[in-house]
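Notes follow once the structure below has been shown.
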Amino acid sequence: MSRAVTLQAARERQPGVVAPSPCISVCRLDDERTRCVGCHRTLAEIGAWSRLDDAAKLDIWREVEVRQGIAT
């Protein structure tokens, strides 16, 4: 079972960044080839990440946490 990817942990890895990347360097697609098993983002989210503003990145973070069942 993979470790949960959380915004809080990402902020600890990247201090001072409002919306840090969820990437944990486990870059592998799931069996359906739709999401990364490391960061839980879709291929479209990964591809768009560098062009998004902080608000859009935080929206993706909410989705990442929902996909893992850890959303609060």
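- The side chain to side chain contact (heavy atoms under 4.5 Å, CB included) check on Glu12 picks up Gln8, with sequence neighbours excluded.
- Take Arg11 and apply the side chain to side chain donor-acceptor pair (under 3.5 Å) test, not counting sequence neighbours, and it matches no residue.
- The CD atom of Glu63 sits 13.5 Å away from atom NE2 of His40, with the distance rounded to the nearest 0.5 Å.
- Counting only residues at least two apart or on different chains, the salt bridge (charged side-chain N to carboxylate O under 4.0 Å, His left out) pairs with a member in residues 43-52 are Glu45-Arg67.
- Using a distance-only test at 3.5 Å, with no hydrogens or angles considered, a donor-acceptor pair links the side chain of Gln68 to the main chain of Val5.
- The two residues Arg41 and Val64 have their closest heavy-atom pair at CG-CG2, 3.8 Å.
- Partners of Arg13 by salt bridge (charged side-chain N to carboxylate O under 4.0 Å, His left out), not counting sequence neighbours: none found.
- Counting all heavy atoms, side chain and backbone alike, Ala4 lies closest to Ile70 at CB-CD1, 4.0 Å.
- Residues Leu58 and Leu7 approach most closely at CD2-CD2, 3.8 Å, considering heavy atoms.
- Within the model, atoms CZ of Arg35 and OG1 of Thr42 stand 8.0 Å from one another, a figure rounded to the nearest 0.5 Å.
- When the side chain to side chain contact (heavy atoms under 4.5 Å, CB included) test is applied to Leu43, the partners found at least two apart in sequence or on another chain are Leu29.
- Scored by the side chain to side chain donor-acceptor pair (under 3.5 Å) test, Asp54 finds no partners at all (sequence neighbours excluded).
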Going by atom type alone, with no hydrogens or angles, which donor-acceptor pairs under 3.5 Å involve a side-chain atom of residues 14-28 and a protein atom two or more places apart or on another chain?
unit_1: Gln14; atom_1: NE2; unit_2: Ser21; atom_2: O; d: 3.4
unit_1: Ser21; atom_1: OG; unit_2: Cys23; atom_2: N; d: 3.1

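- Residues that satisfy the side chain to side chain donor-acceptor pair (under 3.5 Å) test with Asp31, not counting sequence neighbours, are absent from this structure.
- At a threshold of 4.5 Å between side-chain heavy atoms, the hydrophobic network of Ile, Leu, Val, Met, Phe, Trp and Tyr places Ile46 and Val66 in two separate groups.
- Ser50 pairs by the side chain to side chain donor-acceptor pair (under 3.5 Å) definition with nothing, not counting sequence neighbours.
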